[in-house]
Amino acid sequence: MTTHDRRYVIIGNGIAGTTAADILRKNDPNCSIHLLTNEPYPLYNRVSLPRFLQGVLTEQKVMIRDFAWHEQRNIQLITETMVTDVNTGERVVVTGKGQVLPYDALLVATGGWANPLRAPGAEGTSHIYNFVTLDDTKTIIARMLESRTALAYGGSFISYELCDGFAVRKLETTWLMRGPYWLRISLDPEGGEVVDNIAKKFGVHVIHGDEIESVVPQNGVPSYVKTKKGLQIQADMLGVGLGITLNTTILAHTPVEVRSGVVVNEYMETNVPGVYAAGDVAEFYDPTIDRHHTMGTWDNAMAHGRIAGINMAGGHEAYIDVPTYTSPLFDVNIAVVGTAETNNPELEVISRREPGEKGNDNYRKLFFRENKLVGVLMIGSPKGRKKLVEIVKNQQVIETAAEREALLELK
């Protein structure tokens, strides 16, 4: 039993951390809440950054919260501050500015760091960009306005968002990826071809099965890149989407279990009582596939934050959700529901490709585990998506091949 009002510390003010802070204030009016971020901003919408990159949205439209919102709720937002130590024995968090913050419950919502380009010539060369933060976006926009050619590198969502931004801004754009097609963890050759055709319609040069061997700078800025297959690609700027490394290092000297992410149970709590994790960094239990995994989607992070906030304040609610992700893909949309992993041997898949609007093909792929639909990937028309989400959520049994094929035709 504590003899003081409860104290909460949240590391990371993305959608997971800020949602948790909001829930904590609603459920525990007298508590203290410290919300820490290494960035200078309150919560902004990372999902909107691609449209800001394209010039479709203003910076103001990207912001979700302001400083006044935190002050009104008595949430102590501490910006531009790194956490240097977590001591779970003494239950304190130490920052790089020397602050020592005691906690009764701690939430780690630290996300991850974008992986940099590691190739000869890259280090010390300007205008090679990752694309994760608002500041990243502002810097890329400034360079785009003075550039003529650009290279997007990687087979991830980030790489296509960069590619889309370059193309919309009318730069001569090359999209280079090591894999045989984009998003190879979820797609297949046919789905990859659908994406390639959409990109090519926007004038993008798409190159598969090759990678950067070196960057050749001139006066400290990129001139061109050499690939391992001998290509020379001119680029005034490079956008890199090579995945992220989850930010678990602050827990390295604690007994908190870390595998690929911070391992939590269905209540978002780690093996150390009073320590929780949420969002991209959490390796969480997913009941639809009966295993732990990580997932870097906005909806998933928000749901994690809500559950963590409830349970940190004394609740006992389990995470049961179907994560969804939707995003513009050039002039169509892509939607990912649940677990959509082509390389997962536990899953069986079926897919269909058919003509769609604007000269693009529609593509739909369904993922099953033990006669239950657990994942959906859709490019183009979104018709039927809500029904498919409900089928995943209800863990409805789909026994026959005919029933599965019928799901491809849902409207």
Side-chain angles (χ1 to χ4, degrees), residues 10-18 36-39 41 43-50 52-53 62 82-83 107-119 122-123 128-140 151-165 175-179 182-187 211-212 238-252 256 258-264 277-284 286 292-305 323-325 327 334 336 339-341 343-344:
I10 301 170
I11 307 173
N13 79 323
I15 188 61
T18 302
L36 295 99
T37 175
N38 62 314
E39 293 191 67
Y41 308 105
L43 176 68
Y44 57 86
N45 190 343
R46 292 182 189 272
V47 179
S48 292
L49 291 181
F52 179 39
L53 187 72
V62 174
M82 297 291 291
V83 171
L107 176 63
V108 178
T110 46
W113 306 110
N115 295 328
L117 174 62
R118 301 191 187 281
E123 188 173 351
I128 300 175
Y129 303 101
N130 291 117
F131 178 47
V132 176
T133 69
L134 179 57
D135 280 342
D136 289 340
T137 314
K138 291 180 180 180
T139 308
I140 294 169
L151 172 68
Y153 185 43
S156 65
F157 274 102
I158 293 292
S159 62
Y160 103 70
E161 289 167 349
L162 284 161
C163 186
D164 195 0
W175 190 4
L176 174 66
M177 62 193 89
R178 295 171 293 183
W182 177 68
L183 204 65
R184 60 180 171 176
I185 192 173
S186 298
L187 288 175
E211 55 187 299
I212 293 174
L238 278 65
V240 179
L242 299 175
I244 65 171
T245 299
L246 297 179
N247 186 11
T248 63
T249 54
I250 60 171
L251 299 175
V256 174
V258 174
R259 295 197 291 250
S260 59
V262 182
V263 180
V264 295
D280 296 10
V281 78
E283 188 169 342
F284 65 100
D286 189 337
H292 280 76
H293 65 148
T294 58
M295 182 174 290
T297 69
W298 182 268
D299 285 357
N300 190 60
M302 184 186 298
H304 280 188
T324 61
Y325 180 79
S327 176
I334 181 170
V336 182
T339 303
E341 300 171 349
N343 61 352
N344 186 336

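- Considering all non-hydrogen atoms of both residues, Ile15 and Leu43 come closest at N-CD1, 3.5 Å.
- Residue-environment remark: CZ (Arg184) stays at or below the threshold of 12 foreign heavy atoms within 6.0 Å.
- Counting only distance, with no hydrogens or angles, the side chain of Asn13 and the backbone of Tyr41 share a donor-acceptor pair below 3.5 Å.
- Nearest heavy atoms, Ala282 versus Val264: CB-CG2, 4.4 Å.
- Between Met177 and Gly154, the shortest heavy-atom distance links the atoms CB-O, 3.6 Å.
- Counting only distance, with no hydrogens or angles, the side chain of Glu283 and the backbone of Ser260 share a donor-acceptor pair below 3.5 Å.
- In this structure, the side chain of Trp298 does not engage the main chain of Thr324 through any donor-acceptor pair within 3.5 Å.
- Nearest heavy atom pair, residue Ser327 against residue Glu161, reads OG-OE2, 4.0 Å.
- For the atom pair Ile185 CD1 and Asn343 CG, the distance stands at 5.0 Å (nearest 0.5 Å).
- Looking only at side-chain heavy atoms (C-beta outward), Ile140 and Leu162 come within less than 4.5 Å of each other.
- Considering every non-hydrogen atom in both Gly155 and Trp182, the closest pair reads O-CD1, 3.3 Å.
- Between atom CG of residue Leu151 and atom CG of residue Leu117 there is a gap of 9.0 Å, rounded to the nearest 0.5 Å.
- Once rounded to the nearest 0.5 Å, the distance linking CD1 of Ile250 with CD1 of Ile11 reads 3.5 Å.
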- Item | side-chain contact (heavy atoms from CB on, under 4.5 Å) assessment of Thr137 paired with Phe131 | CA-CA 6 Å; Thr137 314; Phe131 178 47; 3.2 Å; yes
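- How far CZ of Phe52 is from NZ of Lys138: 6.5 Å, rounded to the nearest 0.5 Å.
- Residues Thr133 and Asp136 have side chains that bring a donor and an acceptor to within less than 3.5 angstrom of each other.
- Here the side chains of Tyr160 and Leu183 are not in contact, with every heavy-atom distance at 4.5 Å or above.
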- Item | Stepwise side-chain contact (heavy atoms from CB on, under 4.5 Å) check, Arg259 with Thr294 | CA-CA 10 Å; Arg259 295 197 291 250; Thr294 58; over 6 Å; no
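- Residues Ala152 and Ser159 share a closest heavy-atom pair of CB-O, 3.7 Å.
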- Step-by-step side-chain contact (heavy atoms from CB on, under 4.5 Å) determination, Val132 to Arg46: CA-CA 8 Å; Val132 176; Arg46 292 182 189 272; 3.8 Å; yes
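- Atom OG1 of residue Thr297 and atom CZ of residue Phe157 lie 10.0 Å apart, to the nearest 0.5 angstrom.
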- Task: Using the side-chain contact (heavy atoms from CB on, under 4.5 Å) rule, take Thr110 and Val83 through it: C-alpha gap first, then chi angles, then the decisive distance, then the call.
- Result: CA-CA 10 Å; Thr110 46; Val83 171; over 6 Å; no
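- One finds the CZ atom of Arg178 at 9.5 Å from the CD1 atom of Ile212 (value rounded to the nearest 0.5 Å).
- For the side chain to side chain donor-acceptor pair (under 3.5 Å) criterion with Trp113, the lone passing option out of Thr245, Asn247, Thr249 is Asn247.
- Proximity of the aromatic rings of Phe284 and His292 is defined here by a centroid distance below 6.0 angstrom, and this criterion is not met.
- For Asn130 (side chain) and Asn115 (main-chain N/O), a donor-acceptor pair under 3.5 Å exists by modelled atom type.
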